[in-house]
K.L.:
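Here it is, the structure in full.
Just so you know, ligand 1 is whichever comes first in the structure, and atom 1 is the first atom listed for that ligand.
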Amino acid sequence: MEDCGLVVTQLDVEPGECIKVKGKIQSDAKGFAVNVGKDSNTLMLHFNPRFDCHGDVNTVVCNSKEDGVWGEEDRKAEFPFQHGDKIEICISFDETEATVKLPEAEFKFPNRLGMEKIEYLAVEGDFKVKAIKFS
Ligand SMILES: C=CCO[C@@H]1O[C@H](CO)[C@@H](O[C@@H]2O[C@H](CO)[C@H](O)[C@H](OCc3cn(-c4n[nH]c(N)n4)nn3)[C@H]2O)[C@H](O)[C@H]1NC(C)=O
């Protein structure tokens with residue numbers, strides 16, 4: 001999954017604000033990722049639903065990245081995604097954790113880097129972005 005999808009930089013999203021990414025999961029999706037943080041090497045959250053990739057099947061893998069180095073992976077129990085789904089992912093954070101809200105599920109991930117704002121958003125993989133909203 002190396003091609004580059006949507007990338008938004010120069011953001012200033014503060015604690016309690018929401019990043020909403022609306023889009024469609026491709027019908028043959030292997031996986032996709034939504035990354036938020038400072039830049040591509042410094043991620044508060046790499047939110048990576050995997051249908052079938054990197055040896056994972058129907059697993060949400062979350063991680064952080066500091067100075068280009070992946071942290072410890074956090075594999076979630078729920079997998080509320082299906083091929084072809086049109087979904088809206090809402091990401092917010094505070095000093096302790098990031099929250100990923102979906103219609104039928106919510107995921108938490110620690111704010112390991114203690115980031116105080118999100119300046120960078122990237123969407124990678126088999127997900128076609130229809131809209132992004134900041135609120
Ligand atoms: C068992 C063997 C060693 O462990 C494996 O090590 C892999 C390499 O680090 C792990 O995969 C990486 O896991 C990272 C999160 O911890 C990222 O998901 C990384 O992919 C990042 C990435 C995605 N993309 C991308 N997405 N879509 C497109 N087009 N490009 N570009 N770079 C994956 O390649 C993978 O999750 C990990 N598996 C386990 C079970 O630990």
K.L.:
Please work out whether any backbone atom (N, CA, C, O) or any side-chain heavy atom from C-beta onward of E72 is under 4.0 Å from ligand 1, and answer side chain, backbone, both or neither.
P.N.:
neither

K.L.:
Let me see the working for S64 and L43 under side chain to side chain contact (heavy atoms under 4.5 Å, CB included), right down to the final yes or no.
P.N.:
CA-CA 5 Å; S64 54; L43 297 176; 5.7 Å; no

K.L.:
Hey, mind stepping through V123 and V21 against side chain to side chain contact (heavy atoms under 4.5 Å, CB included) and telling me if it holds?
P.N.:
CA-CA 9 Å; V123 181; V21 180; 4.2 Å; yes

K.L.:
Please identify which atoms of ligand 1 are closer than 4.0 Å to at least one heavy atom of H46.
P.N.:
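Near H46, meaning under 4.0 Å from one of its heavy atoms, ligand 1 has 15 (C), 17 (C), 18 (O).
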
K.L.:
Given side chain to side chain contact (heavy atoms under 4.5 Å, CB included), test T99 with I91 step by step and report yes or no.
P.N.:
CA-CA 6 Å; T99 302; I91 298 175; over 6 Å; no

K.L.:
Which pairs, with at least one residue in residues 81-115 and sequence neighbours excluded, count as a ring-ring contact (aromatic ring centres under 6.0 Å, His included)?
P.N.:
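Counting only pairs at least two positions apart or across chains, the ring-ring contact (aromatic ring centres under 6.0 Å, His included) contacts touching residues 81-115 are F32-F81, F47-F107, F51-H83, F79-F81.
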
K.L.:
Is K30 touching ligand 1 with its side chain, its backbone, both, or neither, if touching means heavy atoms under 4.0 Å apart?
P.N.:
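K30 to ligand 1: no contact under 4.0 Å from either part.
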
K.L.:
Ignoring hydrogens, just give me the one of R75, H54, K65, E73 whose non-hydrogen atom is nearest atom 20 (O) of ligand 1.
P.N.:
H54

K.L.:
Any nitrogen or oxygen of N63, side chain or backbone, less than 3.5 Å from one on ligand 1?
P.N.:
yes

K.L.:
Which part of E124 is near ligand 1, with near meaning a heavy atom under 4.0 Å away: side chain, backbone, both or neither?
P.N.:
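It is both parts that get close, each with some atom under 4.0 Å.
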
K.L.:
Which residues pass the salt bridge (charged side-chain N to carboxylate O under 4.0 Å, His left out) test with K76, not counting sequence neighbours?
P.N.:
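Counting only residues at least two positions away or on another chain, K76 forms a salt bridge (charged side-chain N to carboxylate O under 4.0 Å, His left out) with D74.
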
K.L.:
Begin from the C-alpha positions of N63 and R112 and carry the test side chain to side chain contact (heavy atoms under 4.5 Å, CB included) through to its verdict.
P.N.:
CA-CA 10 Å; N63 206 345; R112 290 171 174 166; 3.0 Å; yes

K.L.:
So for ligand 1, is V61 a polar contact partner (N or O within less than 3.5 Å, distance only)?
P.N.:
no

